[in-house]
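Here's the structure we're looking at; comments come further down.
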Amino acid sequence: MNFRPNPLLYGANDHFFSTFRLAIRMRETVDYDLLARSVEKVMVRYPYFCVIPVRDGEKLVLQQNKCPLPVFPDDRAVTLGSDESRGHLVSFGCLDKTVFIDVSHYLADGMGVEPLMKSLLFLYVSERYGTEGLETEQIRMPDGLIDDGEHAYPFPDKPIEAEGSDILPEAPEEVYGLDAEAFDREGLYAYHLHIPQKQMMAKASTSDGSPVSFLSVLLYRAIHRLDPGIDKPVVAHVQHQYRAALHAPLSHHSLVNYIPVVLAPRLNKWDVEKQNTVVRGQVILKGGNEADIASVNRLIEAFPSEASFADKREAMARYAENSTRGKSFGISYVGKLNWCGLERYVEDLHAYIGEKHTNNMLLVEVMTVGEDFSLTFMQSGRGEKYVTAFVDEVRELDIPISLVGEERYTLCDTELFR
């Protein structure tokens, strides 16, 4: 069985390996043998994750990969699609209390991997601790039916015709950039922060705020705290997705988009509630169906489907490079996670992203664990300048926030084909 890959897979190279890592910290040390058995069982339910990229003439296909999925007894980052991963675009591992899931972003996104993560944890937890308190009806079981909507190729072959489908939200030409001296340049670095959901949302709700809009405002205010004389717009790339526009709610494919939210220098004179209203309004307007369709159409038009393999690679690499421009920072929140009772055994969850080429990177991934928002504050190097200012902004609003960890991290590469 072959699957069509996301067109961006053609652009995978040494600069745009585009992978992400989920790190699930359990409350007790992980049993490696049990985890390996659980991975083997769970992938019966997710055959569209057991694939290998193969060149077929002038195109790529994802062929079914019969090799066992790699499960490592450590936190190593391997090259996905290579011999290290047995050709797979996903790998697993564990170290001490943490389970790791590494995935090519060309294969899936965070929302696409969420059901797999929950199924895996259910199998692991139920064998080790039993099923009491787990909501099994919300979890995809190995013997369950596979809905075609989970793996069907979601993109149309031609641009979608729709009213307003030529309207795309654009960022300004001049964008405020972060201080290059704020990072040590020695690799990707992450700070892990916890904020109680109840306290933060009580404050955000005064201006109909969402977690992503409110946190974007607080980071904007932190940047202005450090540099009061900013005369260029601060642009936040807010994570969004195409599932609604493409009518693909179950799709595992990577359907992530980013909305450019522009925060002009004059907004610094406003209070946090008004700033939040401005950001929330932009997210609603720029994340509407028309803008989503326009963005999907731009990707379809950028991909030369009948061209040579080399031309496809060049086009998608150029598209990926252009998509990274024009932002001051990025922030992603996919919504509150329903843990189905598994939260009794999970202490924390982090998502790591980043690219080798990115300079002065500042990305924030927001998850929900228990009663807290769990923030992974990622940078292109160690440096406390921005995270400290952000923490100060949060505390100034009488919202508790705690630093629960920090680390230098690595991500997997992606090999295009063997």
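- Tyr352 and Glu407 are linked by a side-chain donor-acceptor pair at a separation below 3.5 angstrom, with hydrogens and angles left out of the test.
- Scanning all heavy atoms of the two residues, the minimum distance from Val296 to Pro156 falls at CG1-CD, 4.5 Å.
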Check your understanding: After noting the C-alpha distance and the side-chain angles of Arg382 and Tyr189, does the key distance pass the side chain to side chain donor-acceptor pair (under 3.5 Å) rule?
Key -> CA-CA 5 Å; Arg382 191 176 192 276; Tyr189 202 86; 3.1 Å; yes
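- Between the side chain of Thr131 and the main chain of Leu134, no donor-acceptor pair closer than 3.5 Å is present.
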Point to revise | Audit row: Gln239, Tyr333, side chain to side chain donor-acceptor pair (under 3.5 Å) steps and yes/no | key: CA-CA 7 Å; Gln239 188 268 349; Tyr333 172 64; over 6 Å; no
Review point. Between Asp33 and Arg37, is a side chain to side chain contact (heavy atoms under 4.5 Å, CB included) present by the stated rule, with each step listed?
Key: CA-CA 6 Å; Asp33 293 330; Arg37 291 198 302 271; 4.0 Å; yes
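- Under the 4.0 Å criterion applied to side-chain N and carboxylate O atoms, Asp348 and Lys97 are not assigned as salt-bridge partners.
- Crowding of Glu127 atom CD: a count of heavy atoms from other residues, nucleotides or ligands under 6.0 Å exceeding 12.
- Salt-bridge annotation for Glu84 and Arg76: absent, with no side-chain N of the basic residue lying under 4.0 Å from a carboxylate O of the acidic one.
- Salt bridge status for Asp109 with Arg243: present, with a side-chain N to carboxylate O gap under 4.0 Å.
- For an aromatic pair to be called close, the ring centres must be under 6.0 Å apart, and Phe329 with His237 fails this.
- Counting heavy atoms from C-beta outward, Val30 and Tyr124 have side chains that approach closer than 4.5 Å.
- You'll find the side chain of Met367 reaches within 4.5 Å of the side chain of Leu22, heavy atoms only.
- Counting heavy atoms from C-beta outward, Val404 and Leu193 have side chains that stay 4.5 Å or more apart.
- A donor-acceptor pair under 3.5 Å links the side-chain atoms of Ser254 to the main chain of His105, judged by distance alone.
- No close placement of the His252 and Phe3 rings is indicated, their centers lying 6.0 Å or farther apart.
- Taking all atoms of both residues into account, the shortest heavy-atom contact from Leu178 to Ile223 is CD2-CD1, 4.0 Å.
- At least one side-chain heavy atom of Leu188 sits less than 4.5 Å from a side-chain heavy atom of Met361.
- Listed here is the closest heavy atom pair of Asp292 and Ala245: CB-CB, 3.6 Å.
- Of all non-hydrogen atoms in Pro196 and Asp372, the two that sit nearest each other are CA-OD1, 3.5 Å.
- Checked options Asn6, Leu9, Asn2; the residue passing with Leu62 is Leu9 (criterion: side chain to side chain contact (heavy atoms under 4.5 Å, CB included)).
- Around CG of Asp271, the count of heavy atoms belonging to other residues, nucleotides or ligands within 6.0 Å exceeds 12.
- Looking only at distances, a side-chain donor or acceptor of Tyr46 sits under 3.5 Å from a matching main-chain atom of Pro115.
- The closest side-chain heavy-atom distance from Phe214 to Ile399 is below 4.5 Å.
- Expressed to the nearest 0.5 Å, how far CG of Asp148 lies from OH of Tyr48 amounts to 10.5 Å.
- Annotation: the span from Ser85 atom OG to Phe92 atom CZ amounts to 11.5 Å, rounded to 0.5 Å.
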Review point. Going through the checks in order, is the side chain to side chain donor-acceptor pair (under 3.5 Å) test met by Ser213 and Ser216?
Key: CA-CA 5 Å; Ser213 65; Ser216 297; over 6 Å; no
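- Donor-acceptor pairing under 3.5 Å is lacking for the side chains of Tyr106 and Thr414.
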**Study point:** Evaluation steps, side chain to side chain contact (heavy atoms under 4.5 Å, CB included), between Val42 and Leu116
**Key:** CA-CA 8 Å; Val42 79; Leu116 167 61; 4.0 Å; yes
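- No side-chain heavy atom of Met141 sits under 4.5 Å from any side-chain heavy atom of Ser119.
- One N or O on the side chain of Gln379 and one on the backbone of Gly383 form a donor-acceptor pair closer than 3.5 Å.
- Judged by distance alone, with hydrogens and angles left aside, the side-chain atoms of Tyr10 form a donor-acceptor pair with the main-chain N or O of Leu60 at under 3.5 Å.
- No donor-acceptor pair closer than 3.5 Å links the side chain of Lys41 to the backbone N or O of Leu123.
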**Study point:** Working for side chain to side chain donor-acceptor pair (under 3.5 Å), residues Gln138 and Lys118
**Key:** CA-CA 9 Å; Gln138 298 271 349; Lys118 286 167 41 175; 5.5 Å; no
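- For Lys158 and Glu161, the salt-bridge test fails: no basic side-chain N is under 4.0 Å from an acidic carboxylate O.
- Not a single donor-acceptor pair under 3.5 Å links the side chain of Glu415 to the backbone N or O of Gly87.
- Looking at Asn276 and Trp270, their side chains never come closer than 4.5 Å, going by heavy atoms from C-beta outward.
- Using a distance-only test at 3.5 Å, with no hydrogens or angles considered, no donor-acceptor pair links the side chain of Thr410 to the main chain of Ala77.
- The CG atom of Asp102 lies 11.0 Å from the OG1 atom of Thr79; values are rounded to the nearest 0.5 Å.
- Atom CD of Glu174 is surrounded by 12 or fewer heavy atoms from other residues, nucleotides or ligands within 6.0 Å.
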Check your understanding: Would Tyr258 and Val256 count as a side chain to side chain contact (heavy atoms under 4.5 Å, CB included) if you check the C-alpha gap in whole Å, the side-chain angles of each, and the deciding distance to 0.1 Å?
Key -> CA-CA 7 Å; Tyr258 286 91; Val256 171; 3.7 Å; yes
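- Within a 6.0 Å radius of CD in Glu371, no more than 12 heavy atoms belonging to other residues, nucleotides or ligands are found.
- Taking CE from Met378 and NE2 from His192, the interatomic distance works out to 9.0 Å, rounded to the nearest 0.5 Å.
- Side chain of Arg27 to backbone of Val346: a donor-acceptor contact under 3.5 angstrom is found.
- Using a 4.0 Å cut-off between charged nitrogen and carboxylate oxygen, Arg280 and Glu273 do not count as a salt-bridge pair.
- Ion pair Glu150/Arg45 flagged as a salt bridge, since at least one NZ, NE, NH1 or NH2 atom sits closer than 4.0 Å to an Asp/Glu carboxylate oxygen.
- The number of heavy atoms from other shown groups lying within 6.0 Å of CD (Glu137) is above 12.
- Leu120 has its side chain within reach of Leu35: a pair of non-hydrogen atoms, C-beta onward, lies under 4.5 Å apart.
- Separating the CZ atom in Phe377 from the CZ atom in Phe390 is a distance of 6.0 Å, to the nearest 0.5 Å.
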**Study point:** Derivation of the ring pair (Phe, Tyr, Trp, His ring centres under 6.0 Å) call for Phe100 and Phe72
**Key:** CA-CA 9 Å; Phe100 299 97; Phe72 300 108; over 10 Å; no
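- Aromatic pair Tyr129/Tyr345: ring centres closer than 6.0 Å.
- The shortest non-hydrogen separation linking Gly110 to Phe20 is N-CZ, 3.9 Å.
- The CD1 atom of Ile139 sits 5.5 Å away from the CZ atom of Phe122 when rounded to the nearest 0.5 Å.
- A side-chain donor-acceptor contact under 3.5 Å links Asp31 to the backbone of Leu34.
- When every heavy atom of Gln64 is checked against every heavy atom of Pro47, the shortest pair comes out as NE2-O, 2.8 Å.
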